[in-house]
Every structure is written in C-alpha cells, then in structure tokens.
Chemist: 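Okay, here's the structure, questions in a sec.
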Amino acid sequence: MALVLTEEQELLRDSARDFVTNQWDFDWLRKVRGDSDTAGYDPDIYKQIVELGWTAIPFSEEVGGLDLGYAELGVVLEEMGRKLMVTPYLSTVVLGGGAIALGGTADQKAAVLPGVCDGSLLLTLAYQETSRHDPYAVSTAATVDGDGYRISGRKTLVLDVQSANKLVVAARTGGNAGDRDGLTLFLLDAGADGLKVSGGLLLDSRSGGHLTLENVAASAADVVGEVNAGADILDELFSRAAVAASAEMLGGAQDAFDRTVEYLKEREQFGAKIGSFQGLKHRAARWFCEVELLRSIVMDALRAIDEGREDARELACVCKARASDVYQMSGQEGIQMHGGIGMTDEFDIGFYLKRARVSELLLGDSAYHRNQFAEMRGF
Amino acid sequence: MALVLTEEQELLRDSARDFVTNQWDFDWLRKVRGDSDTAGYDPDIYKQIVELGWTAIPFSEEVGGLDLGYAELGVVLEEMGRKLMVTPYLSTVVLGGGAIALGGTADQKAAVLPGVCDGSLLLTLAYQETSRHDPYAVSTAATVDGDGYRISGRKTLVLDVQSANKLVVAARTGGNAGDRDGLTLFLLDAGADGLKVSGGLLLDSRSGGHLTLENVAASAADVVGEVNAGADILDELFSRAAVAASAEMLGGAQDAFDRTVEYLKEREQFGAKIGSFQGLKHRAARWFCEVELLRSIVMDALRAIDEGREDARELACVCKARASDVYQMSGQEGIQMHGGIGMTDEFDIGFYLKRARVSELLLGDSAYHRNQFAEMRGF
Amino acid sequence: MSDLETFRADTRAWLEENCPSGVRQPDAPPAAVWGGRRAEFYNDDAKVWLERMAEKGWTVPTWPTEYGGGGLSNDEAKVLRDEMQRIRANPPLFSFGISMLGPALLEFANEEQKKEHLTRIARGEIRWCQGYSEPGAGSDLASLRTRAVREGDHYVVNGSKIWTSDANHSDWIFCLVRTDPDVPKHNGISFLLIDMESPGVSVSPIQLISGASPFCETFFDDVRVPAANLVGVENDGWNIAKRLLQHERAMLGEGARSSSMGPRRKTLLEVARETLDAPEGRLPDAVIRDEMVQLEMDQACYKSTFQRSADAAKAGRGPGPETSMFKLYLSEMGQRGSDLRQRIVGAEGLGWSGAEFDAEEVQIAREWLYGRASSILGGTSEVQMNIIAKRVLGLPD
Amino acid sequence: MSDLETFRADTRAWLEENCPSGVRQPDAPPAAVWGGRRAEFYNDDAKVWLERMAEKGWTVPTWPTEYGGGGLSNDEAKVLRDEMQRIRANPPLFSFGISMLGPALLEFANEEQKKEHLTRIARGEIRWCQGYSEPGAGSDLASLRTRAVREGDHYVVNGSKIWTSDANHSDWIFCLVRTDPDVPKHNGISFLLIDMESPGVSVSPIQLISGASPFCETFFDDVRVPAANLVGVENDGWNIAKRLLQHERAMLGEGARSSSMGPRRKTLLEVARETLDAPEGRLPDAVIRDEMVQLEMDQACYKSTFQRSADAAKAGRGPGPETSMFKLYLSEMGQRGSDLRQRIVGAEGLGWSGAEFDAEEVQIAREWLYGRASSILGGTSEVQMNIIAKRVLGLPD
C-alpha cells in the first residue's frame with residue numbers, strides 16, 4: 001500500500017476531523033477534574049463515535065465489524081489525538097477488543113466483539129504490574145481450582161479501569177515474573193467477586209488506576225487463547241497497540257505544532273512577530289521535520305500490520321519510540337515557544353505536554369522500544 | 001585554592017600566550033604531512049619550551065624541577081592547545097615523566113627526570129592494546145627470565161613513539177587481560193633489542209603509532225614501582241593525565257570558539273553580518289556556556305590534584321568527559337559556522353576538529369569517563 | 001586570634017544562646033518565614049528567632065546598621081552563614097525585599113526611602129512582591145503599558161501586571177510603570193513603590209498547568225500613589241530594573257544552594273534503585289544510568305562554575321551578564337532532573353488526582369510540570385541566550 | 001498481460017541479451033561511467049553497455065525520444081530500474097547533465113538548445129559541471145558577482161566559481177552569471193552554458209580537510225560565450241536556478257539509494273562486533289548500542305519518509321521545499337554514522353598517513369572529515385531550515 005491516503009481514507013479523515021472539531025469540547029479536559037462522579041469519559045461523545053462506526057473498524061463483518069484495517073484505525077485515532085479527545089476507544093477497541101480478536105475463542109468473539117462494535121460493551125487490558133511497561137513482568141497468579149482458576153494479584157496503570165465492563169487480565173499459570181512462558185490471559189467481568197477497581201484521574205485527564213484481584217474465580221472458558229501461551233497474543237497485541245497509540249500521538253504532536261506555528265505568526269514581541277526570529281524559525285523547522293518523519297513511520301507501520309509484513313514489529317518499535325520522543329518534544333517546545341501564557345491552565349497547549357507524557361510511558365517509552373528493536377535486529 | 005588565576009599564574013599565561021602566538025607556526029601542521037623524515041615535532045620549538053622551564057613545572061627541585069603544580073601545568077597546556085602546538089610535551093612530561101614521578105624508584109627518578117626537565121630526554125607511555133582506552137586490557141606479557149624479564153606484545157596509539165628515547169611500557173606479570181592485578185610497568189630504552197617502532201602521522205598532525213616488543217629484555221631495576229601493582233600507578237597517572245589533556249583541549253575549544261565568533265562578526269551574507277542571525281546567535285551563546293563550564297571544571301580538577309582532594313578522580317572523569325564533548329562540538333560548530341571555507345585545508349578551523357577527535361579518543365572518551373564516574377559514585 | 005576568628009567565636013556563642021531549637025533542624029519544619037503584615041510563623045520559636053535576629057540586624061547582615069542591617073563585611077556574613085548552617089538553623093526571614101528590592105534601594109533610593117523601606121524589610125514587617133511582567137509583553141519587559149500619570153503630588157496608575165509572585169500575600173509591590181509614552185520604549189519607564197492596600201489594587205491568583213501556583217495577576221484601577229514613592233529619576237527606571245533583574249537571575253541561579261530548605265528528597269539514584277528493584281550493584285538500565293550520570297556531571301560543572309564566579313566576584317566583579325548562563329543552565333538541569341525522575345518512576349508518576357495516587361506520586365508529576373516554567377519565567381532561555389550573544393559575545397544586532 | 005507486464009517481459013529479455021556480464025555485479029567493479037570528451041570506462045563492457053543503452057534512449061529513460069531519451073512513462077522507467085537491479089547491472093551513465101541540467105533544459109530551454117545539449121547528454125558525449133557558488137558568497141547564492149557583459153552576439157564573462165565538482169574532468173559548465181548589476185540581486189542573474197575549452201577558462205582543484213576532493217575553483221577571464229548559450233530570458237535566470245536546486249537537493253536526498261554503487265561497506269554492527277570482540281549476543285557497550293539503534297531507527301523513518309514523498313509525487317506533486325528536509329536529515333544521519341564508526345574503531349581510525357595505518361583505517365578518518373561537508377555544500381543546513389521556515393511553514397521574514 002502506498003504511503004498516501006486513499007480517497008476513502010481521506011473522506012474518513014475529513015469526517016473525523018469535522019466531528020472532533022465540532023462535537024468535542026476541549027474544555028472537558030478541565031471540567032473532569034472537578035467532577036468526582038465522572039465516568040472517566042463523555043458517554044455522549046462515545047455514543048456518536050459508535051454511530052460513526054469507528055468502534056467497528058478493525059473487526060470482521062461476522063461480529064458486526066467493518067473489516068477495515070489499521071490504516072483506517074490510524075486515521076480516526078490521529079484525529080481524536082489532535083484534540084486530545086478522551087474516550088475508552090484505545091482500551092476497548094485496540095487493547096481489550098484487540099486481544100479477543102487476536103486470540104479469543106469463537107464463543108468469546110461472538111460474546112464480546114458485537115458489543116464492542118455497537119458500543120454496549122467497554123473493555124480494557126490489565127497487565128502492567130511494575131512501574132514501567134514490561135509485558136512479561138507479571139506476578140499475578142492464576143492457580144488451578146477444580147475445573148477453573150483462582151486469580152490473585154495487583155495491576156497498575158489500567159487505562160479506563162473505571163468504565164470497563166469486561167477486562168482482559170494477564171496472569172501467571174506457570175513460570176516466574178519475567179518469563180515469557182506461563183502467561184495466560186483471562187476474560188473477566190468487571191463485577192466479578194474479589195475484583196476491586198481503584199481508579200483516579202491521570203495527568204492528561206484520562207482515567208486509569210489499579211486493579212486488585214483476590215481469589216477471583218475464572219472458568220476454563222474464560223481463558224483467552226491457550227493456557228501458558230498468553231505471550232503469543234500479547235507480543236502481537238502490544239506491537240499493534242503501540243502503532244495505534246502512535247497514530248493518536250501523531251495527531252497530538254501535529255496539533256501542538258500547528259497551534260504553535262500559528263502563534264509564532266501572530267504574537268509580537270520586541271516590535272516584530274516572534275516567528276521572524278531565526279532562533280525560533282530553525283527550531284520550528286526541525287520540529288516540522290520531526291513530525292513529518294513521525295507521520296511517515298506511523299503510516300508505514302500501520303500498513304505493515306495490514307499487509308502482514310515481516311518488518312511490522314520492528315517498525316512498531318521505531319514508531320512508538322519516535323512518537324514518544326516527538327510528542328514529548330512537541331509538548332515542551334509548544335509551551336516554551338508560547339512563553340508564560342503556555343504555562344497557564346487557561347491555555348490549551350499545556351494539555352499536549354501532559355498527554356505526551358502519559359502516552360510516552362504507556363506501552364513502552366522510547367528506551368524500551370530501542371532495546372526491543374535492538375533485540376530483534378540482533379544488536 | 002580559588003578558581004581564579006593567581007598573579008603568578010597570570011604572568012605565566014601571558015608569557016605562554018606570547019610565545020605560542022609569536023614562535024609557533026600554525027602552518028607546521030600542514031607542512032609535516034609532506035615531510036617523511038619528520039621527527040614528529042619541531043625540535044627548535046621544544047628547545048624553547050624547555051628554556052621557558054615548562055618541562056620542569058611539575059617535578060621536584062631535587063631533579064631539576066620547578067616544584068609547581070597542575071594548576072601551572074594546565075596554564076601552559078591550555079596555551080599550547082589554543083594554537084594546536086605539536087610537541088612531545090604531553091607524552092614526556094605528563095605521561096612518561098608522570099609515571100616515573102609517581103611510581104619510579106629513587107634511581108629511576110635521578111636517571112630520568114633531570115633529562116625530562118632539561119629537554120635532553122623524551123619519554124612516552126605505551127599501554128594501549130585495544131581500539132579504545134582500557135587501562136587493564138593489557139596482554140603484553142613480561143615473563144621471568146633469570147633475574148629479569150622478557151617482554152613480548154604489541155601496543156597501539158603510542159603517542160610520539162617515534163621521538164621517545166625511553167618508554168614506560170605496561171606489561172602483564174600476572175592475571176589476564178582485563179584484570180587490575182598483575183600489571184607491571186617497565187622503563188625501557190627506545191633502542192632496546194626486539195623493540196620495534198612503527199610510527200605514522202595522526203589525523204591532527206601529531207605523531208604516534210604502534211610498538212612491537214619481541215622478547216625485549218628488562219632487568220628488575222627497570223620495573224617502575226612494584227611488580228604486579230602497576231595499576232596503582234596507572235590509575236592515578238591516567239586520572240591526572242586526563243585533566244592535563246583536558247586543559248590542552250580547553251585551549252583548543254576556546255580558540256575555535258573565539259575564531260568563530262570573530263568570523264560571525266565579520267562575515268556578511270544575505271546583506272547582513274551572519275552574527276546578527278538569531279539562529280547562529282543562540283548556538284554561539286550555548287557554545288559559550290559549554291566552554292565556560294569546561295573552563296570551570298578544568299580549573300577545579302587541576303586544583304583538586306594539587307590539593308590532593310578526595311574528589312580529584314571523580315572530577316577528572318567529569319573533566320575529560322566534558323572536554324571530549326565540548327571540543328568535538330567546537331570543532332563541528334566551528335566548521336559549520338564557517339561554511340564552505342571551513343571545509344578547506346587552506347583555512348585553519350578544520351584542524352581543531354581533527355585535534356578534537358584524536359584528543360577525545362586518547363585517555364578515554366566521554367562514554368568511558370561517564371562509566372568510570374558511575375562506578376566511583378556507585379551507580 | 002584574628003578578628004574573623006573572634007567574630008566566629010562570638011557568633012557561635014550568640015547563636016547557641018539565641019537560636020531556639022524550634023528553628024533548628026531536625027526540630028524545625030522545612031518552612032520559611034516571609035514576614036509582612038499578615039506574617040505567619042511555623043511555630044513560636046520562629047517568631048522569637050526573627051525578633052532576635054532582626055534586633056542584631058542579621059536578617060540582612062551586610063546592610064548598613066542605620067537601615068536595620070548588621071553592618072557585616074562579606075567575610076563576616078559568610079561566617080554567620082556557616083555558623084547557622086553548622087547548627088542547621090533555618091534562616092529567620094526570606095523575602096523579595098531582602099534579595100531583590102533591598103540591593104536596588106541601597107543603590108538608587110533617596111535617604112527617606114531607604115530609612116522607611118529598608119528597615120521595615122529588615123524587620124520583616126512588610127512583604128514585597130515584584131510588578132514587572134505584563135500580560136502580552138512576556139520577555140519583552142520594556143514594552144510595558146501600565147501607565148502612571150502625574151497629578152500634583154501623586155501618580156495615578158492604571159494597568160495590570162502578571163506573574164506577580166505571592167502578590168496575594170504581599171503588602172507592597174515594586175513596579176515598573178510607563179510615565180512617558182512618547183519616547184522610545186526603554187526611556188519612558190519609572191520605578192514606583194505601591195502599597196497594595198491602596199484603593200484600586202486587586203489581585204487574582206493564576207492556575208498553572210501544574211495546578212495552583214504562587215503567581216498572580218495584579219490589577220491597578222486609578223490607583224493613587226504618592227510621588228515620594230518614585231525611586232530614582234522619573235523616566236529613568238529601566239536602569240534600576242536591569243540591575244534588579246541581574247539580582248533576580250543571580251538569585252535564581254543560586255537556587256540550587258537554598259534548596260536545602262525543603263524536606264530532603266530522595267536522590268535520583270535512590271529512586272532508581274527502588275523502582276528498578278536494584279538495591280545495590282550496577283543499575284540494570286544502562287541507558288537511564290548513563291543519563292543520570294550525565295546530569296550529575298553537568299551539575300558538577302555547574303557547581304565549579306558557580307564557585308569560579310563567586311571567586312571572581314571576590315576579586316571585584318559583580319553579577320554581570322554571565323548570570324544569564326546560570327539561569328539558562330540551572331533551569332534546564334532542573335527540568336532534566338524532574339523529567340528523569342518521572343520517567344524512572346513511570347506508572348507511579350502519572351496521577352493527577354484521586355485516592356489512588358499517593359502524595360509523592362502526584363508531587364513528582366506536578367513538579368515536572370511546574371519545572372517547565374523555569375526556562376520561561378524570570379526571562380526565557382531565549383532571552384538569556386540573546387543577552388549572552390549581545391552583551392558577552394558582542395554579536396551584532 | 002497488461003501493457004506494463006508486457007513491457008517488463010520485453011525489457012527483461014532485452015537486458016538479458018544486451019547487458020554484458022562485465023557491467024553486472026559481481027563481475028562489474030563498483031565504478032561509474034561519467035561520459036564526456038575524455039570519458040573513461042572501467043572495462044570494455046562498460047563502453048558497449050553505454051552505447052547500447054544510449055541507442056535505446058535508456059540512459060535517460062523518461063526523456064522524449066526526439067532528445068535522445070527513451071520516452072518511457074514513470075511506471076515503465078521504474079520497471080526498467082527494477083529489472084536492472086534484478087540482474088545487478090551498473091547504470092550505464094552517471095552525470096550532472098542527467099540529474100540536474102537535463103530536467104532544467106527540458107523545462108526552460110529553446111528547441112535548438114534541447115536538440116543540441118540533451119542528445120549529447122543522453123549519449124554521454126559531454127560531461128557537465130555546475131557553476132553556482134562563488135568565493136565569498138556561500139549559501140547566499142544570489143549575491144554572485146561573476147559578470148557577463150553582452151557584446152554583439154557574445155557575452156564576455158569574468159569572475160570565478162567555487163565548489164564546481166569535477167570541473168577538472170568536465171567539458172561544459174552551466175553557470176549563473178550577473179547580467180545586470182543595477183537591479184536587486186535576484187533580478188539581474190542569467191543562466192549560461194559555457195564550453196570549458198573556451199579560452200580564458202581555468203580550473204584549480206580544492207584541497208579539503210579530508211584531503212584531495214572532487215571540488216574545484218573555476219576562473220573566467222574574458223571568456224567569450226555565444227549569446228545562443230543563454231537559457232531562458234536574460235536576467236531571469238534565478239527561476240531556473242531555484243528549480244535546479246530543488247533537483248539537486250532531491251538528488252542529494254536520494255544519495256542513500258545510489259550508495260549501492262560503492263563496494264559493500266561493513267555495517268556499523270559488524271564493525272562494533274569486531275572491535276568490541278563480541279561476535280554474537282548483546283553488544284557489551286550499552287551506550288554505543290543505544291546510539292547505533294537510534295541511528296538505525298532514524299534511518300528507517302527517513303526511508304519511510306522518502307517513500308511517502310515518492311508515493312505523493314506519483315499522485316502529482318513534484319519535488320517541493322520539503323526536499324530541504326531530506327537534505328537536512330540525510331546529511332546529519334550520514335555524519336552521525338561516520339562519527340559513530342570512528343568512535344567505535346577508536347585508535348584504529350585516527351591515522352592520517354604512514355605505512356602504520358591500513359587503508360581502511362585511513363578511509364574511516366577521511367570519510368568522517370569529508371562528511372562534515374554534507375551539511376554545508378549544496379546549501380547549508382541553516383539554509384535548509386530557512387527554506388522550510390519560509391516556504392513550508394510560512395513564517396514571516
């Protein structure tokens with residue numbers, strides 16, 4: 001696939017941009033902070049997203065999906081990312097839904113994915129236990145109990161943990177924390193006995209938090225994929241999710257850049273537009289290049305997934321590493337070039353830095369992905 | 001000691017600057033390339049340096065020295081570094097002379113150091129065997145042979161190996177390459193049987209090359225310090241030499257900076273002095289800060305040696321790491337800001353980049369010293 | 001015994017007798033006394049300590065005694081500082097009056113002004129804030145538009161100031177105002193002292209990206225200020241302002257030193273050891289380790305540079321444009337430090353609010369965000385680079 | 001079979017028959033044919049290959065057949081390229097005539113000029129060099145001072161050009177000259193073609209910091225040039241120049257692709273494994289490893305960007321100002337690569353001359369030095385950033 005949008009993709013992008021611009025209230029990011037009863041997202045917005053068909057994009061027609069690809073998923077994620085929209089889309093469609101679509105049984109797919117597509121079901125993935133993304137560092141134990149399992153442990157940084165109806169939980173049925181073998185994924189109800197959600201508001205006004213499991217019962221039918229082979233699903237899932245997250249990050253980086261360039265053209269200081277100062281010009285030029293390079297690698301990595309290319313996982317590492325760095329740079333340069341006003345909560349630019357930081361640390365930061373890439377390439 | 005020059009040090013600096021400006025011919029750096037019979041330095045310049053007393057600076061009065069400190073040594077090295085003067089000073093006074101002064105027997109000191117001070121003797125240190133600075137990575141073997149030793153092995157990047165009359169050679173009397181224990185230093189004559197010098201011209205018009213030892217005989221009296229404890233001398237020697245080299249590098253970085261700032265003030269393009277372009281201004285400002293920070297740490301590290309301070313070795317790491325980075329940056333920015341003309345051999349600025357690279361890799365680059373520092377600090 | 005040694009012995013004895021345990025670590029809380037009409041003391045000892053020190057003039061040890069100072073030489077002041085540190089005594093008083101306004105008044109104010117204001121600063125009776133920046137002016141301070149019009153023996157002031165730190169807790173504000181709009185911008189500026197209880201002054205705190213902040217916006221609506229509150233010559237305030245900015249940058253540059261005020265933070269190394277579960281030995285993450293070392297090394301260079309500058313100052317050079325270098329570096333090193341800290345703790349440093357996140361976690365995030373201000377406020381990094389290029393390197397406009 | 005598939009089959013068959021083994025890897029040496037009056041061929045096959053390809057017009061496959069081209073569509077040209085790569089055939093001809101001057105002549109020259117010059121370029125009869133930069137002008141190309149004065153049906157040219165690559169091997173030079181010194185600088189420039197055998201032309205090679213170089217300085221001393229050699233309108237040469245610079249940047253940006261010409265170099269990874277004595281497993285130097293990976297990743301991003309640009313071009317957009325981005329990045333990545341290479345080999349990459357150092361060692365050092373030119377020549381990185389800021393971002397002057 002060529003690294004340009006097809007006509008259909010351009011239409012999708014335009015309609016997504018319209019929707020985000022006109023329906024999403026950026027100020028929601030501030031309002032949610034005072035709202036202790038928040039669901040962690042705006043249900044009305046999510047309803048509209050469902051109506052637009054976005055939740056159905058990557059799923060097969062059998063389960064009510066549109067059978068489109070990551071290229072299309074990336075288009076809508078980028079547009080949502082531009083205005084820092086908060087929805088349980090990434091956790092439901094990409095993470096939870098992605099896990100079921102990749103590794104779920106036919107029954108699980110039939111039970112879960114139609115609900116994801118029609119918006120009646122919200123999912124998330126609970127895997128992280130240590131401070132930094134490390135997929136095999138799972139200690140949560142699933143011990144055999146009769147025909148089923150009892151799961152106990154604690155998960156951290158579970159995105160949208162408050163709103164999810166069902167959770168895909170990584171637990172250990174063999175081996176030790178750090179081992180690739182012995183991981184098993186379970187599909188659990190949010191209301192299961194012994195499952196305790198403790199959520200909060202993240203830096204960037206997304207929701208997330210801890211999940212505590214105390215002897216949570218799971219049946220053999222709740223196992224996603226095969227016992228002890230959860231890593232096969234997780235490896236592919238995280239690779240894809242990293243690219244999806246990068247598409248969203250690209251949108252944010254692009255918008256922070258665009259806003260700042262506009263500001264450079266308007267703002268006057270020392271009797272001139274500040275955009276006429278070469279010091280800022282050169283930094284803006286470099287920033288432009290960084291965002292362009294990010295856009296290219298995001299497009300390439302999305303298509304590599306759709307095409308099942310051999311280099312897809314390598315590209316995913318390159319993609320998330322660069323997205324993390326470029327978005328962080330965009331947040332920082334955005335504030336610095338706006339000056340004092342950029343530091344105020346009243347102004348929007350600061351929210352990009354916050355989203356950049358959370359997104360950077362979710363699913364592995366650039367150092368993590370450099371190391372992964374090095375291992376794949378045999379460095 | 002305060003981090004300012006004393007009146008005496010200022011006088012020394014002024015006279016050194018006069019000498020280097022008026023007596024040293026920068027063009028020598030070009031001329032030596034066509035001269036296959038070169039001694040690797042200008043003997044007449046070295047003679048004058050001796051007359052100025054510089055070779056006597058760090059040695060005790062008993063051996064004909066001036067009994068001054070590293071603070072003073074740093075002053076003259078910086079001035080020599082400014083104009084990229086080529087002399088066997090570093091190898092003779094700092095490395096070879098330093099090894100004898102630190103660890104030599106009374107007989108060795110009496111035999112060697114007066115000659116270093118009065119210029120009749122040139123020394124060097126032969127220790128490196130691998131591509132990168134790694135003091136304990138010595139395989140050259142010194143095996144017991146009667147009352148003495150037979151030494152065989154190969155040394156690389158031996159500075160001024162062509163002109164040295166005597167060499168301090170690190171060899172292994174125990175342990176394996178990489179071990180701290182089992183190293184022994186020997187003082188050998190350049191003309192010793194089995195010792196083969198194969199020198200060339202380095203990038204920066206200094207001389208250096210390989211040394212091959214084939215069953216070179218050494219007596220017990222040739223051992224510098226104690227058998228198997230050569231690392232005690234080397235650790236301190238390299239720490240001091242790193243600071244001395246940094247002082248020379250500071251001079252080069254400062255001069256490259258000064259030349260470039262002058263150029264920015266003179267050169268016109270697009271109808272204006274290029275120094276008026278903010279892009280270059282900001283880079284010049286950062287460069288200024290880097291050189292100033294380097295100057296501070298060099299001064300501090302020199303004085304830490306003289307005062308025998310506990311943090312002297314840590315500072316030496318900070319110092320050489322920064323000197324390596326700042327000098328390299330100075331070489332690169334110097335050429336870039338001069339533009340095309342900076343790339344021509346006819347123009348002087350390119351020589352700073354060359355000296356920066358050789359100096360960076362001699363005695364450990366910044367990554368090496370960051371790691372050393374980390375070990376000292378328990379990271 | 002030399003005079004200085006005698007002074008040290010006397011000072012040590014006096015401190016031993018007069019410095020109450022409640023202002024000495026570890027008894028003293030990590031808090032500061034800022035003085036002012038609404039002064040708050042973290043405990044009774046802090047109040048006693050301020051009174052006793054003010055009595056000796058040691059809240060401002062080097063100021064002349066006739067203005068409430070201690071009349072000490074720089075060497076004596078250093079002895080006093082050393083001795084206070086020895087017994088880990090909190091400073092009795094912090095204020096912008098001491099660090100910024102005072103030195104400027106000593107240099108530029110008339111005798112009445114010095115008598116009135118310096119003594120009250122020394123005793124901690126009046127808390128001052130700074131009114132320089134204006135909305136829309138940013139780093140281009142001299143483009144300020146707050147207008148002061150002379151009417152008889154008063155100025156009438158209209159306009160607003162932004163980034164007035166702690167204005168909501170302050171009693172007076174020292175302000176740059178425009179007294180002549182018809183001349184080139186640096187020329188028509190005056191330096192005015194304004195009592196914030198004057199009718200027409202109002203203050204509104206600023207919410208930052210990191211949450212609540214010490215910064216305010218301060219509004220002036222037909223505020224009448226006695227003409228006697230003009231410092232120096234009308235329309236010649238820019239010179240005072242520049243001098244004051246140098247003191248501010250020097251103060252910000254020295255920030256690293258006074259950071260001993262807060263509770264001891266875990267070092268980056270401690271945080272990394274905890275988070276990476278590596279209580280000893282080489283840190284398992286080589287890349288993080290290398291970044292941490294680079295930061296430590298840069299801090300060592302900064303420390304040497306600061307020392308060199310201080311040693312040079314002893315030899316007679318005051319704070320000059322090289323203070324821009326300190327501001328530039330200190331802010332960036334601080335940013336790198338808090339950035340690294342947050343990246344190391346990862347998931348544990350991403351919370352904004354909720355019972356879910358403990359205070360330390362939230363603090364890491366807030367500090368990281370707040371730290372972005374350090375390269376903007378007090379003159380952006382870009383302005384510092386401009387100053388270096390122009391005043392130190394002499395590059396053309 | 002589609003037309004394109006037919007074309008592919010035909011091309012493959014033709015190549016199989018006509019491409020001699022001496023120009024195919026591994027038999028072919030890694031050398032190029034540059035053509036010209038003093039053309040040199042690395043072997044006899046190379047001469048045959050050029051003749052056969054020129055016959056088909058495939059030295060310049062997309063040029064019109066009437067000017068010696070192959071008249072192929074872009075898609076067909078890509079098929080040809082693919083098929084040549086498949087059999088690892090060296091390109092028959094390299095030249096600035098093909099990559100730079102040709103496209104400009106196609107766009108701006110008159111019929112006679114096209115007929116005369118394009119066909120000779122296509123057949124490799126004339127080797128061209130570029131006369132743009134002047135001593136003292138640097139990146140400010142338009143400040144050029146080489147003067148061309150019209151005298152009857154000739155121009156008389158005086159002045160000099162610098163960085164005229166391979167001028168000492170070239171037959172003709174395409175030049176920017178000043179034809180009107182009295183108008184603003186971009187306006188009085190013309191584009192002139194000059195035969196270097198004309199009396200008064202002389203060439204002097206330039207020694208770089210890395211040693212001998214392909215660059216020259218070219219001098220014009222009362223050189224008489226027929227007025228018919230003016231391309232486009234007098235005083236309107238700047239437009240042609242700008243267009244040509246875009247082609248040059250695109251070519252420099254594409255450099256990474258044509259690098260397959262040289263002998264295969266050891267990769268950085270191979271060099272690191274050898275030098276660090278780590279034939280397998282994780283590289284022992286974590287910091288070097290991380291730097292190498294970062295470079296690899298940046299190269300991957302560059303590759304995707306280049307592909308995206310090509311895909312966009314297919315959709316109808318020609319090389320625009322974003323080629324500045326390629327120039328900026330490619331030069332810096334190259335510099336980082338050769339810098340890393342030299343730092344990895346350490347002591348083994350510091351030799352300048354002497355039997356002591358083997359050729360590979362010396363080459364590492366020379367390449368590292370020569371690489372510093374890439375961010376300067378062909379428009380400095382600063383100029384590329386200016387172009388991006390102005391033409392892409394629309395930032396004000």
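Throughout, protein chains are lettered first and strands after them, A, B, ... in sequence-line order, and every chain is numbered starting at 1. Just the heavy atoms: all of them, side chains too, but no hydrogens, waters or symmetry mates, feed the values below. These numbers come from a predicted model, not from an experiment.
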Chemist: Output the option from A:L157, A:T344, A:D204 having the highest count of non-hydrogen pairs under 4.5 Å with chain C.
Modeler: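 Most heavy-atom pairs under 4.5 Å with chain C: A:T344.
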Chemist: Any idea which heavy atoms bring C:R343 and A:R132 closest together, and the distance?
Modeler: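 Looking at all heavy atoms of both residues, the closest pair is O-NE, 3.5 Å.
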Chemist: Any heavy-atom pair between the side chains of C:W368 and A:R357 that's under 4.5 Å?
Modeler: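 They are in contact (side-chain heavy atoms under 4.5 Å apart), so the answer is yes.
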Chemist: Among C:L276, C:T275, C:L369, C:D277, who wins on heavy-atom pairs under 4.5 Å with chain A?
Modeler: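 Option with the greatest count: C:L369.
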Chemist: Among A:Q128, A:E268, A:R267, which residue forms the greatest number of heavy-atom pairs with chain C at distances under 4.5 Å?
Modeler: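 Looking at each of A:Q128, A:E268, A:R267 in turn, A:R267 comes out on top.
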Chemist: Between A:L202, A:L362, A:D365, which residue shows the highest count of heavy-atom pairs closer than 4.5 Å to chain C?
Modeler: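 The residue among A:L202, A:L362, A:D365 with the greatest pair count is A:L202.
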Chemist: Do you know which of A:G350, A:A367, A:G339 has the most heavy-atom pairs with chain C at a distance under 4.5 angstrom?
Modeler: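 Sorted descending by pairs with chain C, the first entry is A:G339.
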Chemist: Considering only heavy atoms from C-beta outward, does the side chain of A:M343 approach that of C:L377 to under 4.5 Å?
Modeler: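 No - every pair of side-chain heavy atoms lies 4.5 Å or more apart.
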Chemist: Could you tell me whether C:R147 atom CZ has more than 12 heavy atoms of other residues or ligands within 6.0 Å of it?
Modeler: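 Yes, because the 6.0 Å sphere around CZ of C:R147 holds more than 12 heavy atoms from other groups.
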Chemist: With only heavy atoms counted, which part of A:R206 is less than 4.5 Å from chain C, the side chain, the backbone, both or neither?
Modeler: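 For A:R206, neither part sits under 4.5 Å from chain C.
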Chemist: When rounded to the nearest 0.5 angstrom, what distance separates CD in C:Q335 from CD in A:Q336?
Modeler: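 Nearest 0.5 Å value for the CD-CD distance: 7.0 Å.
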Chemist: Using non-hydrogen atoms only, which part of C:S133 is less than 4.5 Å away from chain A: side chain, backbone, both, or neither?
Modeler: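 When you check distances to chain A, no heavy atom of C:S133 falls under 4.5 Å.
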Chemist: Please flag which part of C:S143 lies under 4.5 Å from any non-hydrogen atom of chain A: side chain, backbone, both or neither.
Modeler: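 For C:S143, no heavy atom lies under 4.5 Å from chain A.
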Chemist: C:S353 versus A:R33: any side-chain heavy-atom pair under 4.5 Å?
Modeler: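 The answer is no; the side chains never approach within 4.5 Å.
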Chemist: Just how far is it from atom CG of C:L350 to atom CD of A:E360, taken to the nearest 0.5 Å?
Modeler: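 Output value for this atom pair is 9.5 Å.
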Chemist: Please enumerate all residues that pass ring-ring contact (aromatic ring centres under 6.0 Å, His included) together with C:Y329, with sequence neighbours excluded.
Modeler: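 Partners of C:Y329 under the ring-ring contact (aromatic ring centres under 6.0 Å, His included) test: none.
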Chemist: Using modelled atom types only, decide if a donor and an acceptor are shared between the side chain of A:K354 and the backbone of C:I209 within a distance under 3.5 Å.
Modeler: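 Yes; at least one donor-acceptor contact below 3.5 Å.
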Chemist: Is there side-chain contact between C:I376 and A:H338, with at least one heavy-atom pair below 4.5 Å?
Modeler: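 No, side chains not in contact.
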Chemist: Excluding sequence neighbours, so at least two apart, what forms ring-ring contact (aromatic ring centres under 6.0 Å, His included) with C:Y132?
Modeler: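 Testing C:Y132 for ring-ring contact (aromatic ring centres under 6.0 Å, His included), a comparison that skips the adjacent residues, returns none.
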Chemist: Is there side-chain contact between C:I206 and A:E346, with at least one heavy-atom pair below 4.5 Å?
Modeler: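 SC-SC contact between C:I206 and A:E346 ruled out.
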Chemist: As an exercise, state the distance from CD of C:Q342 to CG of A:L203, rounded to the nearest 0.5 Å.
Modeler: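 Reported value, rounded in 0.5 Å steps: 6.0 Å.
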Chemist: May I ask you to name which of C:K185, C:R372, C:Q207 has the most heavy-atom pairs under 4.5 Å with chain A?
Modeler: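 When all of C:K185, C:R372, C:Q207 are compared, C:R372 has the most.
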Chemist: Contact part of A:I349 toward chain C, heavy-atom cut-off under 4.5 Å: side chain, backbone, both or neither?
Modeler: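 Neither; nothing under 4.5 Å.
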Chemist: Where do C:E382 and A:Q269 land on the side chain to side chain contact (heavy atoms under 4.5 Å, CB included) test, with the steps shown first?
Modeler: CA-CA 12 Å; C:E382 290 76 15; A:Q269 236 177 353; over 6 Å; no
Chemist: Tell me if the CD atom of A:E214 is crowded by more than 12 foreign heavy atoms within 6.0 Å.
Modeler: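 Counting neighbours around CD of A:E214, 12 or fewer heavy atoms of other residues, nucleotides or ligands fall under 6.0 Å, so no.
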Chemist: Go through A:L353, A:T156, A:V358 and name the one with the most non-hydrogen pairs under 4.5 angstrom from chain C.
Modeler: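 Most heavy-atom pairs within the cutoff with chain C belong to A:L353.
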Chemist: So if I take each residue of residues 278-290 of chain C and look for any heavy atom under 4.5 Å from a heavy atom in chain A, which residues do I end up with?
Modeler: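 When heavy atoms of chain A are the reference, residues 278-290 of chain C contributes C:D285, C:V287, C:I288 within the under-4.5 Å range.
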Chemist: Using a heavy-atom distance cut-off of less than 4.5 Å, which residues of residues 357-367 of chain C contact chain A?
Modeler: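 From residues 357-367 of chain C, the residues near chain A are C:F357, C:A365.
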